[in-house]
Amino acid sequence: MIFNRYRRGLFITSFLAAPVILYLVYVISPYIQAFYIAMTDWRGVTATPRFIGLDNFERLFGDGTFWKAVSHNGALLLLLPLITIVVALFFAFLLNVGGPQGLTGIRGSKFYRVVFFFPQVLAVAVVAVLFQQVFRPDGSGMLNGPLMALGISPIGFLSDPDVAFWSVLGVMVWQAVGFYVVLFSAGLASIPRDMFEAAQIDGAGRLSLFFRITLPLLWDTVQVAWVYLGILALDVFAIVWVMTDQHGGPDFSTTVMAAEIYRNAFQYFRFGYASALGVVMFFFTVGFAILSLRLSRRERIEY
């Protein structure tokens, strides 16, 4: 009996060993290396970087560009999940229970789901290049062209420091909202129609249906969406780097932490300083995920 348990335990361990070793080598080990490099002055060319302790972190917290990047990530962290989830919930509710009777979706809802999801098919770099053309400041721009034809001065969507950040935010919402429309639609499809019918019989309107039935029963899905969108807001890189002027400009008005990590590592060759930035971003991301899950925790509603 004991021998059989031992053999069974050895058999299970042999299957678990390979993924655990791979995880340690390719995930945990790079994290440890990044923490070590963050405490060196390594420039990527020496075999033995000089250990300087916490000097990179002291320099980092006195860097104005770093604080600009943090403020932009913080604004995205607040606005991107909020706007995306509100818009996605609205469209998902419309596509699933927004029909004439309030129990089915509007006509053509399946087609609209495909249309909403289409931006997810495009690579992030392709989206960035596409909106570079949309935001062109001359007559060939999709937005400025009609404005100039009407005699209105063109808007510097990517060249005006006061507008560029909002342009980036708009593109991120446009790209992300389709996925969450489909995600929330799947959640709505799992809610029994009887609950909506009973609420309508009791005289509930569309707003009551949404706030008293839809939102409480989709809360777990909304919580997951909030965490994923928050991580996206903290880790955003490709859209900012490809789409904006000077890779985070003008005048660092759109720069984010990931862009500063790349700039310091591969343009300035300050790998130690870039690693310190990466360590700070790592703790920001993990801290946000833990805090969000704790604050949004609530009793699960069964149906």
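This chain uses plain numbering: 1 for the first residue, then up along the sequence. None of these values were measured; they are calculated from a predicted model.
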Side-chain donor or acceptor of W42 paired with backbone N/O of R50 under 3.5 Å: no
Can you give me the closest heavy-atom contact between V240 and T254, atom names plus distance? CG1-O, 3.4 Å
For Y36 and F51, what are the C-alpha separation, side-chain angles and deciding distance, and is it a side chain to side chain contact (heavy atoms under 4.5 Å, CB included)? CA-CA 9 Å; Y36 169 71; F51 185 82; 4.2 Å; yes
Rounded at 0.5 Å granularity, tell me how far CD1 in I261 sits from CZ in F66. 9.5 Å
How long is the gap from CG on D41 to CG on D55, to the nearest 0.5 Å? 9.0 Å
Closest heavy-atom pair and its distance - P119, V115: CD-O, 3.7 Å
Just wondering, do M142 and Q133 contact through their side chains at under 4.5 Å, heavy atoms? no
Check: V279 and F57 side chains under 4.5 Å, non-hydrogen atoms: yes
Crowding at OH, Y23 (>12 non-hydrogen neighbours, <6.0 Å): no
To the nearest 0.5 Å, atom OG of S275 lies from atom CE of M39 at 10.5 Å
How far apart are the C-alpha atoms of D245 and Q132, what are their side-chain angles, what is the distance that settles it, and do they pass the side chain to side chain contact (heavy atoms under 4.5 Å, CB included) test? CA-CA 10 Å; D245 185 34; Q132 270 187 329; over 6 Å; no
Nearest-0.5 Å distance that lies between atom CG in L218 and atom CZ in F93: 10.5 Å
Quick one: are the ring centres of F131 and W174 less than 6.0 Å apart? yes
Please answer: with hydrophobic residues joined when any side-chain heavy atoms are less than 4.5 Å apart, are L76 and V242 in the same cluster? no
Using a distance-only test with no angle check, is there a side-chain donor-acceptor pair under 3.5 angstrom linking E260 and T65? no
Under a 4.5 Å side-chain heavy-atom rule over Ile, Leu, Val, Met, Phe, Trp and Tyr, are Y26 and I37 clustered together? no
Using 30° and 60° as the class limits, which term best fits the ring planes of F271 and F266: parallel, tilted or perpendicular? perpendicular
So which atom in P250 and which in S159 form the shortest heavy-atom distance, rounded to 0.1 Å? CG-O, 3.3 Å
Give, for atom CG of L77 and atom CD1 of I231, the distance between the pair rounded to the nearest 0.5 Å. 10.0 Å
Considering only heavy atoms from C-beta outward, does the side chain of L60 approach that of L277 to under 4.5 Å? yes
Are I21 and V27 connected, step by step, through hydrophobic side chains (Ile, Leu, Val, Met, Phe, Trp, Tyr) whose heavy atoms are closer than 4.5 Å? no
Minimal non-hydrogen separation, P154 against P137, with atom names: CB-O, 3.5 Å
Which heavy-atom pair separates A259 from H247 by the least distance, and what is that distance? CB-O, 4.5 Å
F35 atom CZ, neighbour heavy-atom count above 12 within 6.0 Å: yes
Say you draw a straight line from OG1 of T84 to CE of M172; how long is it, rounded to the nearest 0.5 Å? 8.0 Å
Any donor and acceptor pair, going by atom type alone, linking the side chain of N56 with main-chain N or O of T40 inside 3.5 Å? yes
Side chain to side chain contact (heavy atoms under 4.5 Å, CB included) between R263 and Q246, intermediate numbers included: CA-CA 11 Å; R263 196 191 318 276; Q246 301 169 353; 5.9 Å; no
Do V171 and M243 have side-chain heavy atoms sitting under 4.5 Å apart? yes
Heavy atoms only: give me the nearest M257-N73 pair and the separation to one decimal. N-OD1, 2.8 Å
Look at the side-chain heavy atoms of Ile, Leu, Val, Met, Phe, Trp and Tyr, link any pair under 4.5 Å apart, and say whether I83 and V86 land in one connected group. yes
Could you list the donor-acceptor pairs under 3.5 angstrom formed by side chains in residues 175-186, with sequence neighbours left out?
{"residue": "S185", "atom": "OG", "partner": "N96", "partner atom": "ND2", "Å": "3.1"}
{"residue": "S185", "atom": "OG", "partner": "V181", "partner atom": "O", "Å": "2.7"}

Indicate yes or no: at least one non-hydrogen side-chain atom of S253 is less than 4.5 angstrom from one of F165. no
Close side-chain approach of N144 to I152, heavy-atom, < 4.5 Å: no
Full working for ring-ring contact (aromatic ring centres under 6.0 Å, His included) between Y273 and Y268: CA-CA 10 Å; Y273 188 70; Y268 305 152; 9.2 Å; no
Shared hydrophobic cluster for V121 and V129 (ILVMFWY, side-chain gaps under 4.5 Å): no
What do you reckon, is CZ of F282 surrounded by more than 12 foreign heavy atoms closer than 6.0 Å? yes
Using modelled atom types and a 3.5 Å cut-off, is there a donor and acceptor pairing between side-chain atoms of H72 and backbone atoms of T255? yes
Under a 4.5 Å cut-off applied to non-hydrogen side-chain atoms, are I290 and V286 in contact? yes
Side-chain touch F157/W166, heavy atoms, less than 4.5 angstrom: no
Run the numbers on F269 and N264 for side chain to side chain contact (heavy atoms under 4.5 Å, CB included), then give the verdict. CA-CA 6 Å; F269 298 101; N264 279 279; over 6 Å; no
